[in-house]
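Numbers restart at 1 for each chain; the letters A, B, ... are given by sequence-line order, proteins then strands.
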Amino acid sequence: MNRLPEDFYLRTDVLQVSRALLGKVLVTQFEGVHTAGLITEVEAYRAPDDRACHAWNNRRTNRTEVMFREGGTAYIYLCYGIHHLFNVVTGPEGTAHAILVRAVEPLEGIEIMLQRRKAPLPESRLTTGPGALSQALGLTTAWTGQSLLLPDTPVWIEDRGRLVSDTDIAAGPRIGVDYAGECAAWEWRFWLRDSAFVSRKK
DNA sequence: CACGGGATCGTCT
DNA sequence: GACGATCCCGTGT
């Protein structure tokens, strides 16, 4: 296991970290069950200037407090009362930057994922979409604030040597942030261009 | 394939 | 009291 180190997350440019996250492997292990998926699609959110960010204008609330923590922390919140959306906090403590993981390619524990999701599902839809992948990997809001760095955490991210070059990465506007004014046009969504495991076609 | 609606609840006004 | 960084299913084409 080659868990990403603190330095990976502490970089100040959340867009750079977002790109670097593509091709890494998101792993969960709890109650004796192991699942893993290769990260294929992400979105960056960045306070204070980004209106689409929950912590826009550096707004601190009970929910957003986690976003201000040190990079390498999980930020998970409930969306539409149903979906648990998983984010990775980046940057030093005091800045509210986070990366939403929108899709992964299933690697390990696929039978478990099918059970957690609504089987039967085609594998192409098992973990594509932020709510879908969280359900497949067993990620819930119970883990918001959880470290990805400490030993024996239930969730972490690994580097397994998959090489991703800039030409492998496509960028476009983020999904579902039309309310965010001009920020909605920022191309802060990144995905592996050739992956079949992306939440929506371009 | 495109579109529309319902589910469901924590969070903030 | 309104609404959301979503998803699934039904309907119509």
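Taking a pair as Watson-Crick or G-U with both hydrogen-bonding distances under 3.5 Å, the stems of three or more pairs touching DNA chain C are B:1-7 with C:6-12, B:9-12 with C:1-4.
In this model, no donor atom of one side chain and acceptor atom of the other lie less than 3.5 Å apart for Ser18(A) and Arg46(A).
Residue Val42(A) is grouped with residue Leu15(A) when hydrophobic side chains (ILVMFWY) are merged at heavy-atom distances under 4.5 angstrom, including chains of intermediate members.
Within the nucleic acid shown, Arg63(A) comes within 4.0 Å of sugar-phosphate atoms alone, with no base atom in reach, counting heavy atoms only.
Between Asp178(A) atom CG and dT6(C) atom P there is a gap of 10 Å when expressed in whole angstrom units. Taking atom CD1 of residue Ile76(A) and atom P of nucleotide dA5(C), one finds them 16 Å apart after rounding to whole Å. The separation between Glu41(A) atom CD and dA5(C) atom C1' is 11 Å, rounded to whole Å. In this structure, the CG atom of Leu100(A) is 16 Å from the P atom of dG4(C), given to the nearest Å. Taking atom OH of Tyr77(A) as the reference point, atom P of dC12(B) lies 12 Å away to the nearest angstrom. What separates CH2 of Trp56(A) from C1' of dT13(B) is a distance of 14 Å, to the nearest Å. Summarising the geometry, the separation between NE2 on His54(A) and P on dA5(C) is reported as 4 Å, rounded to the nearest angstrom. Straight-line distance from the CD1 atom of Ile82(A) to the C1' atom of dC3(C): 14 Å, rounded to whole Å.
Glu43(A) has a carboxylate O that lies under 4.0 Å from a charged side-chain N of Arg102(A), or vice versa, which qualifies the two as a salt bridge. Ion pairing between Glu158(A) and Lys24(A) fails under the 4.0 Å rule for side-chain N and carboxylate O. Salt bridge Arg174(A)/Asp50(A): present, at least one basic N to carboxylate O contact under 4.0 Å. Look at Glu108(A) and Arg160(A) and you find a salt bridge, because one of the NZ, NE, NH1 or NH2 atoms lies within 4.0 Å of a carboxylate O, short of that distance.
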Might you list the N or O atoms of the protein lying below 3.5 Å from N or O atoms in nucleotides 7-10 of chain C, with each pair's distance?
from	atom 1	to	atom 2	distance (Å)
dC7(C)	OP1	Gly129(A)	O	3.3
dC7(C)	OP1	Pro130(A)	N	3.0
dC7(C)	OP1	Gly131(A)	N	2.8
dC7(C)	OP1	Ala132(A)	N	3.2
dC7(C)	O4'	His83(A)	NE2	3.2
dC8(C)	OP1	Arg117(A)	NH1	3.1
dC8(C)	OP1	Arg117(A)	NH2	2.7

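Taking every side-chain heavy atom of Tyr45(A) into account, dA5(C) is the closest of dA5(C), dG4(C), dC12(B).
In this structure, Asp7(A) CG and Arg11(A) CZ are separated by 9.0 Å, a value rounded to the nearest 0.5 Å. Taken from OH in Tyr77(A) to OG1 in Thr140(A), the straight-line distance is 14.5 Å, to the nearest 0.5 Å.
A side-chain contact (heavy atoms from CB on, under 4.5 Å) with Val25(A) is found for exactly one of Asp159(A), Ile39(A), Leu38(A), namely Leu38(A).
The phosphate of dA5(C) has OP1 or OP2 within less than 4.0 Å of a side-chain N or O from Tyr179(A).
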